[in-house]
Structures are given as structure tokens and as C-alpha cells.
*Asks:* 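Next up is a structure, given as C-alpha cells.
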Amino acid sequence: MKTAWDKYPQDKRNVVMDFAEGYKTYLSNSKTEREATKEAIALARMAGFKRLDEYESLKAGDKVYVNNRDKGLCLFVIGKDDITKGMNILGAHIDSPRLDLKQHPLYEDQGLALFDTHYYGGVKKYQWVAHPMSLHGVVIKKDGTKVDLKIGDKDEDPVVGISDLLIHLSADQMKKTGANVVEGEDLNVLVGSIPANGEEKDENVKKYILDLLKEQYGIEEDDFISAEIEVVPSGKARDYGLDRSMVMGYGHDDRICAYTSLMALLDVKELERTACCILADKEEVGSQGATGMQSRFFENAIADIMDKMGVYSELGLRHLLSNSYMLSSDVSAAYDPNYPSVNEMKNTAFFGKGICFNKYTGSRGKGGCNDANPEFIAKLRKVMDDNEVAFQTAELGKVDQGGGGTIAYILANLDMEVIDAGIAVQNMHACYEVASKVDIYEAYRAYMAFIKDMR
Ligand code: MN
Ligand code: MN
């Protein structure tokens, strides 16, 4: 089987391996959509990007970003062409499956203090127990002060976690189906066991946790009402495989496409067509809300960009959108030798075969999908071949096995040509997902080719 690795014999492999180092750092520092946004802004500013309000006016060559409530981002490199002739857009999402603390999370049960959670996104709940977990998020106090929380990822930090039942007492549990082995309401995070003042009074263990939070972060119990705290797997992204050919980490879905799209935009030189990179929130729960892709935020940002270029009109904005092209990037399912039966082998994504294009996603008869137009795919193939990018095409599993959705249809509904693209992963939505380094690098090269040459 010919793979993209063939393009990088041992003496040329560094470029692939080095790119993955940058990605591992980004992924390790980006456990939430807020952290992914913050890291992306830091990288963008190093590459010369500025906030929209830092520009008096915009012209070709300018690099600008618009921040969506610290949970999403649109970045632009202004091209030389008339912007109403359309943009080349890269889009990915930066939220990942996890467990969110409820608004009244903290309670005590028989001398143990726990946080109650509600899971976010599609998770096999049994995968999220008996793992070291960390707490990441923000608490906004009544006066508006923001407290950043990040506990459980430094070596010296404590970790927290959710217990699983010991095998010795699992006779009943083991008879349950996978969906119910661990129930959603039982995803409670153990955070403490010492009573305040060493006294055996009611809720004294809970009190001690509250005392610690007050002392270390200035947080009161009521402050959880205006907080967003996520329970995520602890630990850094790491090399996977004895040959170090893969990366294992939490949140590949979809920070892997976010990082590669972002880096392509950051590294690009002069452009004819304006290029845009969207990093969106809320994909895992349906893309609704102000920070999801269905929000008007994206159109508003473009209107502001056009305004600063001195070319805003409602009709111009409509033309810009309908003349744009987009790679809507999200992770694809990589062939897994342990579970071959879920695939139809001619239309399956494999590790090492490069970026993956999905004409359609959806489920049960393409339901809910964006079905990319072949005229657009033909142009895209040519750009990939001209730039010697390794790519494959696939669908998510065989017909009626399952399926999934992305943000592709939302942009396509704005009247533009969109195709699903992305990087294949194993263990999708588990605590630790796996991807191939050469696919990561080829995705970056594909995004670069697309924003440079697609017209
Ligand atoms: Mn995804
Ligand atoms: Mn997902």
C-alpha cells in the first residue's frame, strides 16, 4: 500500500516530525475552546495578525482577526482581488467532547466531596471513568472579574477523576448494554475527602473544598452559577507508536484541523483571493448559539472587514459569500484493524494516505449532509495534484452503520461551494484520540494550496 510517507524518505522526514511538535504543543495547551482561542491568538500575533480595532483601514496584505467572546475566532489575510469575488475559507471547530460542571456542582456524600457534571457532545460514557482528569475553565464573579482555572495538567498539580465499579462487584453492571454501563448522572468527579477543622460535622468535607477554592482562587459557592468549568483528560499530547509516526492526545477532534488550517493561514505569503480561517465553538452539540457556526457572528465579521476596506454593501456581502469556496474540516474515521466490519473498504480513510475529503457526511441516506458539487471537487482535485498534496476520499463508515454531521452545511446554506475535509483519527471522542503525523502535515499543505491557488 502506497502511503504519503513515501514522499518523505528518512532524510526528508524531519519536516513532518517537526510540524507535529508544534501541533503537540498547541494541543497540550488547548484543552478547552477558550484555551484553543487564546493559543491561536498568540500564534497569530507572532505572525503579524492584529485585532480589527487596531486597524484604521484594511488593504491587501493585512492580517486581521475577530474574536468571538474568547470562544471562537475568524482570521483573515486580505488578498489583492476585489473581495466581493469571494474568499477561500478554511473552517474547523475547537470545542471537544468533555464533561461540564453543573451550575450547582459541589456536594458531599459520606465524607467525600464531588462535582456533578453534564456531558458535552457524543461520548461513550464508560470511556471517561477511572482516568486522571483535570479542571479547566473560567469563573466570572458578580463584579465581572474573571478567574481562570487550570488544575491537573502540571506535574505538581493534583488530578481528579470519576470512579468505576470494581470488577468484583460488577455482576449486575456487566449485564448492561454499553450505553448504560456508566449512566450520565453517575459521572461525578471526586475532588476531596478531608473535613474542615478535622471535625465530623455535616458537609465539612465540602466546606474544606470551598475554603480551598476561596483561599486559592477567591471563588464562593454561588460563583459556580456564572462559571464554565470543563472536566477533561489530564496530560500532554504524546508520540504514539514505536516509530513515533502518530500523535495521541485529547481533543484532536477538531483542534487537529483547527491547528493545521490556522498554520496554513499564518504561513501564507501574498494572496490573490482573501483567505479566512474560522475556528468555531459548539460543533459537538449542533453549532447553535452565539459562538456556534450558525451564529451571525461570521457574517458580521465579514461586514466589518468590508467596512474597514471601504467596500461594504449588503449586496457586496451577499456576492462575497456566494463566490466563496470552503474546506469545512473535521476529523474522519480512520480504518481500525480491530474493527474492520464497520467500513466499506473502497471508501474508507486510512492513516498515512493524506488529507481526507468527504463529498458528503450525514447518516441514514446522507441525512443532514452537505453534498459537495462535483464541479467544485474537480477544481479542488486539480489544486491538490498541482501542489503534490497526498489526499484520499472516504465516507464515515459503511451505509447505515452510523454517521455524523459537521459545520459544512451551515456555510453551504450561505450559498457557497463547500466540501468536508479533514484528518482521519482512531478512538474518535474517547479521552485520547490518535492521528498520523504525515496526515497532519499533508493537511497543512492541502490548506496552504487551497487558500493560495483555489479560484
Ligand atoms: Mn468534529
Ligand atoms: Mn466530534
Side-chain angles (χ1 to χ4, degrees), residues 23 26-27 30-33 35-37 40 71-73 89-100 118-125 127-128 230-233 237 247-262 277-289 291-294 326-334 336 342 349 355-363 367-370 372 394-397 401-412 418-436 439-440 443 446-447:
Y23 172 56
Y26 178 79
L27 189 62
S30 304
K31 297 265 176 124
T32 66
E33 56 283 1
E35 290 173 7
T37 299
K71 295 166 76 170
L73 210 56
I89 303 169
L90 303 171
H93 69 90
I94 49 175
D95 60 316
S96 297
R98 70 211 183 215
L99 312 174
D100 287 339
H118 196 135
Y119 66 98
Y120 173 100
V123 296
K124 290 161 93 170
K125 299 172 203 89
Q127 293 178 329
W128 289 67
E230 307 179 12
V231 184
V232 297
V247 179
M248 175 178 249
Y250 163 67
H252 279 323
D253 180 4
D254 184 34
R255 293 163 195 146
I256 198 166
C257 298
Y259 179 78
T260 42
S261 295
L262 175 71
C277 173
I278 303 169
L279 305 181
D281 181 29
K282 292 284 177 284
E283 192 276 342
E284 296 293 357
V285 292
S287 298
Q288 299 91 339
T291 58
M293 198 63 238
Q294 296 190 48
M326 185 200 195
L327 292 185
S328 168
S329 291
D330 207 340
V331 292
S332 216
D336 182 341
V342 300
I355 186 170
C356 182
F357 293 113
N358 304 80
K359 185 175 186 297
Y360 48 86
T361 57
S363 53
C369 77
N370 165 67
E395 56 179 35
L396 189 66
Q401 187 66 42
T406 65
I407 61 171
Y409 76 94
I410 303 164
L411 277 293
V418 182
I419 186 168
D420 279 287
I423 297 167
V425 303
Q426 282 186 351
N427 306 355
M428 196 189 296
H429 286 204
C431 286
Y432 305 101
E433 303 168 316
V434 179
S436 156
D439 295 341
I440 296 170
Y447 298 139

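Each residue takes its place number in the sequence, starting with 1. Each ligand, and each atom within it, is numbered from 1 in the order the structure gives.
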*Asks:* Does the distance from a Lys or Arg side-chain N to an Asp or Glu carboxylate O, for R98 and E33, drop under 4.0 Å?
*Replies:* yes
*Asks:* Looking only at heavy atoms, what is the nearest atom pair of Y23 and H252, with distance?
*Replies:* OH-ND1, 2.7 Å
*Asks:* Ignoring water, what protein N, O or S atoms are under 2.8 Å from the Mn ion (ligand 2)?
*Replies:*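 Those protein N, O or S atoms (cut-off: under 2.8 Å from the Mn ion (ligand 2)) are D253 OD2, E284 OE1, E284 OE2, H429 NE2.
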*Asks:* Are more than 12 heavy atoms, taken from residues, nucleotides or ligands other than Y120, located less than 6.0 Å from that residue's OH atom?
*Replies:*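 Count over threshold, so yes.
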*Asks:* Any chance you could lay out the side chain to side chain contact (heavy atoms under 4.5 Å, CB included) test for W128 and C431, step after step, and finish with the verdict?
*Replies:* CA-CA 6 Å; W128 289 67; C431 286; 3.7 Å; yes
*Asks:* Considering residues at least two apart in sequence or located in another chain, which fulfil the ring pair (Phe, Tyr, Trp, His ring centres under 6.0 Å) criterion with F357?
*Replies:* F391
*Asks:* Can you see which heavy atom on I440 is nearest to which on T260, and at what distance?
*Replies:* O-CG2, 3.4 Å
